[in-house]
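To start, the structure itself, in structure tokens.
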Amino acid sequence: MSDVWELFQKIQDNDNVVISINCQLCEAEYGTATSTSTLHRHLISFHSSVYTSNNKQQRQTTPYTPAEQKHITVKLAQWISVDLQPFSVVEQLDFQQLIHTLDSRYIIPCRQTIKQEVDLLFSQRRANIQLEINSFTTKVALTTDIWSSSCNHTAFLGITMHYINSDWKLKKCILDFIPIEGSHSSRLILSKITNLLQEFNLNNRVLSLTTDNGSNMLACGRELANELEACFCNLTFSHKRYAAHIINLAVKAGMKHLDSSIIKLRKFVVKIRNSQVLLDDLKSICRIKNKNFLMPIQDVDTRWNATYLMIERQIVMQDVMEILVNSHEDILKNIYPTSFEWSKIMVYILF
């Protein structure tokens with residue numbers, strides 16, 4: 001067999017019919033009737049460093065058996081999954097050179113093969129969860145929340161199971177991470193949860209569902225309780241609300257009395273963070289005062305402790321901040337809290 005097949009792979013469809021020949025070092029794709037001479041010219045033209053050095057060395061050693069090759073590929077797929085790497089990492093030249101340097105006997109698979117391995121790992125882990133569920137007979141509790149990716153703005157419904165196993169150890173595992181499209185209505189969330197309960201046969205074993213205080217989640221909890229009672233005679237199910245979320249709502253209600261002071265401090269922090277001149281001056285003051293520079297923290301409404309952390313950071317840096325304000329009175333004095341406003345913040349927030 002020609003040595004080009006060490007760096008090319010035949011891609012098959014679901015009927016095991018070869019549909020293309022793909023280079024494992026790049027995204028080049030050739031027809032099924034392409035000759036090995038053409039494939040050889042591709043390797044010489046585009047991958048001479050790998051083909052002429054590493055691949056020659058590889059042909060001089062005993063190749064891995066299919067089982068050994070498979071074992072390494074599974075470990076590679078696990079790393080890609082856990083480290084959130086793209087499938088295309090296997091096609092990056094530097095990565096390929098690193099792998100060939102570490103082990104010239106291993107043939108790096110293409111991205112399609114890695115995707116298949118990741119899908120297979122997912123199916124195996126899902127089957128293991130089902131086996132784990134079947135290994136104990138106690139009730140389970142669920143927690144769920146909707147999370148949005150900052151990269152592609154896709155929303156996901158995460159569902160986590162909490163349980164005590166046969167060894168009386170408290171365990172938890174993610175049952176699913178479900179993409180959510182369209183309106184996050186209670187009916188949509190309910191359908192996703194009930195489908196998952198049906199898949200893992202947990203309808204009569206789920207003890208509670210804990211969610212935030214969103215109106216859609218509250219409605220979902222009520223509807224799920226009615227459905228489990230009517231269809232599965234599950235009379236022990238109850239919907240719980242996050243205690244931390246309730247506390248956060250109470251704290252935010254109390255902070256309305258401090259709106260003017262908090263808004264003023266927030267403007268001050270934003271002003272400093274958006275000015276390289278002010279940041280450089282702040283760093284200089286810290287060096288003179290022999291104090292570590294700490295970046296001002298800007299609070300975010302969706303991060304529950306962010307306002308507290310913003311205030312705490314300002315208290316730690318208060319002495320250098322006052323020097324900075326005095327140095328730039330024209331732009332900072334009117335947005336920096338007064339002594340009276342600081343006393344209100346200290347009393348209501350810290351004590």
Side-chain angles (χ1 to χ4, degrees), residues 67-68 70-85 114-147 155-180 186-214 216-247 304:
E68 293 171 329
K70 174 72 172 181
H71 176 73
I72 300 176
T73 300
V74 169
K75 295 299 182 182
L76 176 59
Q78 289 176 346
W79 169 72
I80 288 175
S81 301
V82 173
D83 205 50
L84 303 180
Q85 293 290 331
I114 287 295
K115 180 181 182 300
Q116 293 171 3
E117 288 296 333
V118 172
D119 288 341
L120 181 59
L121 285 173
F122 172 80
S123 300
Q124 292 173 345
R125 295 295 175 90
R126 205 164 182 82
N128 291 340
I129 291 176
Q130 185 65 70
L131 292 174
E132 175 70 9
I133 292 174
N134 296 337
S135 69
F136 63 91
T137 59
T138 57
K139 298 275 189 177
V140 302
L142 302 180
T143 57
T144 186
D145 194 15
I146 294 180
W147 171 86
F156 297 92
L157 176 68
I159 303 175
T160 304
M161 176 180 68
H162 307 259
Y163 63 98
I164 297 176
N165 66 8
S166 56
D167 296 325
W168 285 92
K169 293 182 178 180
L170 182 62
K171 299 285 187 178
K172 65 178 180 179
C173 71
I174 297 177
L175 286 182
D176 212 337
F177 206 58
I178 307 169
I180 298 290
S186 60
R187 294 301 303 173
L188 176 61
I189 299 172
L190 177 65
S191 66
K192 300 296 185 181
I193 294 176
T194 52
N195 290 341
L196 190 67
L197 294 177
Q198 186 72 26
E199 178 184 352
F200 288 104
N201 194 25
L202 288 172
N203 289 295
N204 60 348
R205 294 177 60 183
V206 59
L207 185 65
S208 66
L209 173 69
T210 303
T211 70
D212 61 24
N213 292 273
N216 56 346
M217 287 298 188
L218 298 181
C220 174
R222 291 193 300 268
E223 294 169 10
L224 180 60
N226 294 334
E227 184 166 328
L228 292 178
E229 180 179 350
C231 301
F232 301 96
C233 297
N234 187 341
L235 304 178
T236 59
F237 173 83
S238 62
H239 174 235
K240 307 294 184 182
R241 296 185 294 170
Y242 291 148
H245 194 200
I246 296 174
I247 294 173
W304 295 353

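Quick note: residue numbers are just sequence positions, from 1.
For the pair R205 and F136, the cation-pi test (distance below 6.0 Å, angle within 45°) is passed.
Of all heavy-atom pairs spanning Y242 and D145, the tightest one is OH-CB, 4.0 Å. Listed here is the closest heavy atom pair of A155 and I146: CB-CG2, 4.3 Å. The shortest non-hydrogen separation linking A141 to S208 is CB-OG, 3.5 Å. Y163 approaches V140 most closely through the heavy-atom pair CB-CG1, 3.9 Å. Taking all atoms of both residues into account, the shortest heavy-atom contact from I129 to F200 is CG2-CE2, 3.8 Å.
For the salt bridge (charged side-chain N to carboxylate O under 4.0 Å, His left out) condition, the pairs that include at least one residue of residues 219-229, sequence neighbours left out, are R187-E223. Screening residues 118-128 for salt bridge (charged side-chain N to carboxylate O under 4.0 Å, His left out), with sequence neighbours left out, gives K115-D119, R126-D176, R126-E199. Evaluation of the salt bridge (charged side-chain N to carboxylate O under 4.0 Å, His left out) test over residues 157-169, restricted to residues two or more places apart or in two chains, returns none.
Between F177 and F156, the angle of the ring planes stays under 30°, which puts this pair in the parallel group of the 30/60° scheme.
The structure places CD1 of I180 at 6.5 Å from CD1 of I189, a figure rounded to the nearest 0.5 Å. Once rounded to the nearest 0.5 Å, the distance linking NZ of K240 with OG1 of T143 reads 14.0 Å. From F237, atom CZ reaches atom CG of N203 across 10.5 Å, with rounding to the nearest 0.5 Å. Rounding to the nearest 0.5 Å places CG of L228 at 11.0 Å from OG of S238. The distance from atom CD1 of I133 to atom SG of C173, rounded to the nearest 0.5 Å, is 6.5 Å. Rounding to the nearest 0.5 Å places CG of D212 at 10.5 Å from CD1 of I246.
Under the rule for a side chain to side chain contact (heavy atoms under 4.5 Å, CB included), the partners of A77 that lie at least two apart in sequence or sit in another chain are E117, V118, L121. In this structure L76 satisfies the side chain to side chain contact (heavy atoms under 4.5 Å, CB included) test together with W79, I80, V90, F95, Y106, P109, I114, sequence neighbours excluded. Listed by chain and number, the residues in a side chain to side chain contact (heavy atoms under 4.5 Å, CB included) with T236 are K139, L207, N234 (sequence neighbours excluded).
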Stepwise side-chain contact (heavy atoms from CB on, under 4.5 Å) test for L142 and L175: CA-CA 9 Å; L142 302 180; L175 286 182; 4.0 Å; yes
Decide side-chain contact (heavy atoms from CB on, under 4.5 Å) for H162 and T210; before the verdict, give the C-alpha distance in whole Å, the side-chain angles of both, and the deciding distance to 0.1 Å. CA-CA 11 Å; H162 307 259; T210 303; over 6 Å; no
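Side-chain atoms of T211 never come within 3.5 Å of backbone atoms of R241 as a donor-acceptor pair (strictly under, hydrogens ignored).
Residues C220 and I193 are in side-chain contact: their nearest non-hydrogen atoms beyond the backbone lie under 4.5 Å apart.
Side-chain atoms of N134 and Q130 include a donor-acceptor pair closer than 3.5 Å.
Other residues, nucleotides and ligands contribute only 12 or fewer heavy atoms inside 6.0 Å of the CD1 atom of I174.
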